[in-house]
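See structure below.
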Amino acid sequence: MAAVTTVAASLTVATANQAVAAEAGCKVTYTVSGQWEGGFKADVAVTNLGAAVDGWKLSWEWPSGQQAGNAWNAKVTETDGVVTATNTGHNAKIASQATVKFGFMGTWDHANTAPLAFSLNGVTCVHGGPSRTAMEHTAAMQPGWNLGNTLDATGPDETSWGNPRVTEALLDNVKAQGFKSVRIPVTWSAHLAPDGTIEAEYLARVKEVVRWALARDLYIMLNIHHDSWLWMSKMPTEHDSVLNRFNKMWTQLAGAFTEFGPKLTFESWNEPQFAGSTGKPQEIALNAELNASFHDIVRRSGGNNATRLLVLPTLHTSSEQQYIDPLVEQIRGLNDPNLIATVHSYGYWPFSVNVAGGMRYDATAQQFDTDSFDRVHNSFIARGIPVILGEYGLLGFDRHTGTVEQGEKLKFFEYVGHYARAKKITTMLWDNGQHFDRTMFQWKDPELYAHIKSSWTTRSGTAYTDQVFNAKQSPISAKTIKLNLNGTSFSGLYNGNIALTRGRDYTIDGDQLTLTAAALTRLSGSRTYGVNAVLTARFSQGVPWRFYVITYDTPVLSNVTGTTDKFEIPTNFRGDQLAMLEAKYDDGTFAGPHDWTAFKEFDKAFAPNYTDRLTALKAEFFTNVKDGQRVTLTFHYWSGAKVNYYISKSGSAVTGTTA
């Protein structure tokens with residue numbers, strides 16, 4: 001198919017014979033009028049919007065490694081990827097408001113992306129305003145992905161937090177997953193001179209990554225990231241120095257990226273936060289001051305930046321109404337149609353980190369997300385202000401994705417993707433390397449990605465649980481599970497590719513799925529501990545839902561001694577899985593960290609090790625355990641089983657017993 005790209009530009013042109021004092025301009029229309037495997041035909045029209053030009057050279061770089069060939073109405077040469085089209089004798093002069101046209105044949109390999117920028121007679125042509133409204137542009141960015149823990153690493157290099165260097169292949173593969181935009185968080189602190197000058201080599205590296213992404217027709221959101229807590233948070237007590245440093249950074253960044261077109265957006269800063277303030281009113285005012293300064297600097301830098309879409313965050317990028325309202329007021333007061341609001345969402349905190357009994361994505365957790373997106377929609381989008389959910393996910397994932405049970409996390413991502421779409425919020429998945437493998441270019445949890453991707457366009461059916469437990473020491477009985485149809489209809493239950501028989505193997509009554517005792521007995525086979533079968537419920541649309549048929553017995557724990565740095569309880573899990581830990585002193589008060597709740601944080605205070613058959617109490621758990629006072633631990637398992645265990649701490653020594 002033919003592709004058409006129009007670049008509207010404004011520039012000051014100096015001819016070979018004289019300098020033109022008045023501002024002039026040009027408009028470049030670049031059109032791929034024919035394309036086939038490995039080749040294409042391009043037509044270029046240059047309209048002079050300023051004073052007459054006598055003799056011209058139009059230059060550009062190939063973003064995707066194309067090569068120019070035979071040309072007409074211009075002499076086209078190419079050196080190191082830079083193409084120069086020079087006038088022929090008959091079209092050297094371009095009168096004001098006149099247009100000169102030329103064309104050429106070219107070749108391409110993996111992509112044929114239009115040039116990102118043109119220059120006329122050595123001066124960069126500047127893209128005009130976006131052809132889409134801010135709302136349309138933001139919608140076109142859906143869905144988005146975060147290049148987390150890379151250029152935002154606080155060490156000396158983008159690999160210092162464990163991720164590999166960004167490659168063009170990574171961006172190719174990110175785009176192939178269906179993402180339309182990439183948020184590129186950048187922490188600049190380690191690359192600033194004492195006077196605030198950004199290290200040239202690092203700035204060039206960031207520009208390289210941005211250029212690679214734009215060359216793949218990805219929308220980009222670039223920001224100041226962990227600088228927010230490294231030094232910007234000191235603004236309440238170091239107002240002028242923080243503001244001056246912030247202003248100098250954005251002055252440099254605005255100048256460095258002005259050549260890039262409207263698919264590049266700027267985000268003022270990440271997760272605004274302050275220390276040592278007089279309270280939230282001051283913090284809200286300081287965030288507004290930084291947002292306003294950012295807006296003023298970028299707009300005054302001119303060129304593409306005069307109309308570039310700019311992203312402004314609420315305090316803490318929170319969706320709470322007390323933080324939304326000031327940003328609504330500020331954006332409306334700026335009277336700039338090219339502004340976007342941003343918030344982040346990591347869900348209901350007890351569920352997001354799995355603490356205080358928040359092991360399920362239940363009605364309370366879901367209502368939190370519903371209310372959050374409703375506030376964002378009603379406050380911003382209903383008033384014509386687009387919104388980007390700049391980060392979303394689960395906070396427990398910062399340790400590993402196993403902090404939340406598989407089925408519960410799938411329900412979260414299915415609903416969040418659906419409801420954000422319903423409220424016209426563009427989403428950007430936070431990925432610090434735990435989701436998409438940046439070396440193998442594969443999803444570490446394909447089932448999770450399937451639910452995320454499906455949520456971009458439709459809903460999927462889920463269920464109250466994805467686990468069907470049968471106690472080995474008891475006869476198998478029928479099990480009933482509530483389905484969350486989510487607007488779908490149930491179409492069948494399968495064991496692999498074999499359809500189970502309705503009526504014999506299972507029954508459906510509204511949203512109640514009952515697995516018969518006979519089917520479960522057959523599927524459990526010899527009833528070895530663990531997963532005996534995996535069933536798949538299919539629905540009229542979306543992603544199937546898996547049920548794990550599990551044989552278990554109540555786990556058995558053993559006595560042990562250890563230290564506060566290393567305390568591991570021998571555990572025969574016997575097919576079961578650990579869900580929660582409850583910790584209380586003999587008088588009923590709560591023990592361990594988060595002493596406002598009996599239920600401790602999964603993986604932070606405790607963690608199962610199924611391979612080595614151990615349950616670890618981590619050092620953090622013991623920081624808030626009293627010496628000489630017995631603690632009753634109640635381990636809750638997903639089967640519903642509960643096991644009590646008792647520990648006592650004396651200095652760094654810990655003793656654990658079953659009685």
Side-chain angles (χ1 to χ4, degrees), residues 130 132 134-152 163 166 170-186 206 209-210 212-223 225 260-271 308-313 317 319 339-347 369 372-373 376-377 380-381 385-394 397 412-414 416-436 438 441 443 448-457:
R132 295 174 167 142
M135 194 71 76
E136 292 168 338
H137 180 112
T138 304
M141 295 173 72
Q142 171 65 13
W145 178 82
N146 271 270
L147 182 63
N149 284 24
T150 301
L151 292 167
D152 56 320
N163 281 318
V166 182
L170 171 63
L171 296 169
D172 286 334
N173 280 275
V174 167
K175 181 177 181 179
Q177 304 310 307
F179 293 103
K180 300 294 191 296
S181 60
V182 174
R183 182 173 181 250
I184 303 180
V186 183
V206 175
V209 174
V210 170
W212 285 347
L214 291 172
R216 285 151 178 82
D217 282 333
L218 291 163
Y219 291 83
I220 301 302
M221 189 158 82
L222 184 74
N223 74 356
H225 203 72
F260 296 109
K263 283 196 170 183
L264 172 64
T265 63
F266 292 153
E267 177 187 18
S268 63
W269 63 309
N270 174 68
E271 296 184 351
R308 186 179 306 285
L309 289 166
L310 304 180
V311 182
L312 305 181
T317 48
S319 61
L339 298 180
I340 301 169
T342 186
V343 297
H344 294 175
S345 180
Y346 286 95
D369 296 316
S372 174
F373 294 166
V376 167
H377 176 89
F380 291 116
I381 295 170
I385 302 169
V387 174
I388 292 175
L389 191 64
E391 295 179 16
Y392 78 100
L394 293 172
F397 284 3
F412 167 82
F413 280 97
E414 192 283 329
V416 166
H418 148 70
Y419 206 68
R421 175 168 52 88
K423 293 300 175 179
K424 297 180 170 56
I425 301 168
T426 289
T427 60
M428 290 184 156
L429 175 69
W430 178 253
D431 188 352
N432 62 20
Q434 77 272 63
H435 293 312
F436 190 61
R438 300 182 187 179
F441 305 133
W443 291 95
L448 176 61
Y449 170 62
H451 275 272
I452 292 172
K453 185 175 183 179
S454 178
S455 75
W456 299 337
T457 56

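The structure displayed is predicted, hence computed values, not measured ones.
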Are any of the side-chain heavy atoms of [X] and [Y] separated by less than 4.5 Å?
X    : Y    : result
W430 : Y346 : yes
F373 : L389 : yes
L394 : F413 : yes
R308 : P262 : no
P386 : T426 : no

Any residue meeting side-chain hydrogen bond (donor to acceptor under 3.5 Å, both in side chains) with N149, in chain and number order, not counting sequence neighbours: none
Looking at residues at least two apart in the chain, or sitting in another chain, which of them share a side-chain hydrogen bond (donor to acceptor under 3.5 Å, both in side chains) with N223? H225, E267
Look at the side chain of [X] and the backbone N and O of [Y], then say whether any donor-acceptor pair between them is shorter than 3.5 Å.
X    : Y    : value
Q142 : T427 : yes
D152 : T150 : yes
S454 : A450 : no
T265 : I220 : yes

How would you list, by chain and number, every residue that makes a salt bridge (Lys or Arg N to Asp or Glu O under 4.0 Å) with K175, sequence neighbours excluded?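 Result, salt bridge (Lys or Arg N to Asp or Glu O under 4.0 Å) vs K175: none returned.
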Can you tell me how far apart CD1 (I388) and NE2 (H344) are? Round to the nearest 0.5 Å.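 Interatomic distance, I388 CD1 to H344 NE2, rounded to 0.5 Å: 10.0 Å.
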Within the 3.5 Å criterion, strictly below it, is a donor on W145 or Q177 matched to an acceptor on the partner's side chain?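 Per modelled atom types, W145 and Q177 side chains form no pair under 3.5 Å.
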Hey, what's the ring geometry for W456 with F179, parallel, tilted or perpendicular (30° and 60° as the breaks)? perpendicular
